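To start, the structure itself, in structure tokens.
Residue indices begin at 1 and follow the sequence shown. Just so you know, these numbers come straight off a predicted model, no measurement behind them. Remember, it's 1-based here, ligands and their atoms both numbered in the order they're listed.
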Amino acid sequence: MVLAEATYDVPRTAVITAARPRLGDAERAALVSRIKRLLDERDAALVAHYYVDSSLQQIAEETGGCVADSLEMARFGKEHSASTLVVAGVRFMGETAKILSPEKRVLMPTLEAECSLDLGCPADAFRKFREQYPEHTVVVYSNTSVAVKALADYVVTSSIAVPLVEHLRDQGKKILWAPDRHLGDYIRRETGADMVLWDGSCVVHDEFRSRELEKLCNAHPAAAVLVHPESPREVILQADVVGSTSQLIAAVRERPESEFIVATDNRIFYKMQQAAPGKRLIEAPTGGHSATCHSCAHCPWMAMNDLSSLADTLEHCTHEIFVDDAERVKALTATQRMLDFAAAHRRRVVGDA
Ligand code: 13P
Ligand code: SF4
């Protein structure tokens, strides 16, 4: 394994968000009904990630939208007949929707919801990195900009990364992977593929700590440990299940244990509780006494999606995603390959909730 020499610090200030005033019950109910009316009037479908606030997830469920992982969000948005998609998540999710559906208007509650993996992999630096490995097949995580996807052969999400890299390995390909180093390391160990890795990380999952997790496991010996593969290697090694958000929800529903320690964004508990109402969910520890935690198991950019910003973007059609068309066309090839692979290998990659 070779790590990229060029690494980029993600500006920590970027993750500090201003707190909005809390809404009262009546105000909240009024906003929810305004959002539902506007979704209808704008011929819009709400496509939400599991990490956004449960109030947004609930609206997506009640209005025929979807709540899903990155792969399913992409697929749902592309296949839906609505002329407008409202993507509640982070920027790369809105951009993926636009890559796949250029004819649709794609709105987001905010355009400032970034992702540390995307920010930590600028296209110019990535191009130079790629030039060092002209023989490699370029596989990038969906958590990247359109410009980086345009430089890739394949886009993948965490639910499809292992089978897709296995498939490339079987063809004798060497892989250049970006940007998440923990996910890259996990894929390399699972597949044995020859991989070079960009040195990026997620500010949320990077905070999970194995020593504190061990203590928690000792306190809950019957609990199964569920880990998203953006977490550090030592945390992944303690897992009973490693998987994408959808795959972790499926594990809560399908496994026999009644307690689960969960190492991913805690907003996923809303769907996990729905999937298995009687089961107990425990947050995996971030940092313990050694905490440098900037997230504490919740993505600060996902948290920027709220009822008010969703209502505003629907009302005024602000926060629309536009992408460079030449880049979009190149990024589409790599993104479509992911959807085609997913369709052909559906049973291996999806843990639909
Ligand atoms: P999933 O594709 O598993 O939903 O992950 C997206 C993500 O950003 C996790 O941090
Ligand atoms: Fe990016 Fe991490 Fe937030 Fe997911 S949780 S969107 S990888 S910063």
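A heavy-atom distance below 4.5 Å is not found between the side chains of Val86 and Met108.
For atom 7 (C) of ligand 1, the nearest protein heavy atom (residue, atom name, distance) is Glu230 OE2, 3.7 Å. Counting protein heavy atoms only, atom 5 (O) of ligand 1 is closest to His228 NE2, 3.4 Å. With hydrogens left out, the protein atom closest to atom 6 (C) of ligand 1 is Ser70 OG, 3.3 Å, a heavy atom.
Of the listed residues (Asn143, Asp69, Asp118), the one carrying the non-hydrogen atom nearest atom 8 (O) of ligand 1 is Asn143.
Residue-ligand proximity: His205 is placed with a non-hydrogen atom under 4.0 Å from ligand 1.
Counting non-hydrogen atoms of neighbouring residues, nucleotides and ligands closer than 6.0 angstrom, the CD atom of Glu41 exceeds 12 such neighbours.
Atom 2 (Fe) of ligand 2 has Cys202 SG as protein N, O or S atoms under 2.8 Å away.
The pair Lys98-Glu95 fails the salt-bridge criterion, with no side-chain N (NZ, NE, NH1 or NH2) lying under 4.0 Å from an Asp/Glu carboxylate O. Salt bridge status for Arg188 with Asp185: present, with a side-chain N to carboxylate O gap under 4.0 Å. Contact check on Glu259 versus Lys279 returns no salt bridge, with no Lys/Arg side-chain nitrogen under 4.0 Å from an Asp/Glu carboxylate oxygen. Taking 4.0 Å as the cut-off between side-chain N and carboxylate O, Glu61 and Lys271 count as a salt-bridged pair. In summary, Arg337 and Asp340 do not engage in a salt bridge, as defined by a charged side-chain N under 4.0 Å from a carboxylate O. The pair Asp325-Arg328 counts as a salt bridge, with a side-chain nitrogen and a carboxylate oxygen less than 4.0 angstrom apart.
Interface atoms of ligand 1 facing Ser158, defined by a heavy-atom separation under 4.0 Å, are 1 (P), 2 (O), 3 (O).
The distance criterion of under 3.5 Å between nitrogen or oxygen atoms is met by His49 with respect to ligand 1.
Note on ring orientation: taking the six-membered ring where Trp is involved, the planes of Trp198 and Phe129 are perpendicular (angle over 60°, cut-offs 30° and 60°). In this structure, Phe76 and His80 have tilted ring planes: the angle between them lies in the 30° to 60° band.
Under 4.0 angstrom from ligand 1, the non-hydrogen atoms of Tyr51 all belong to its side chain.
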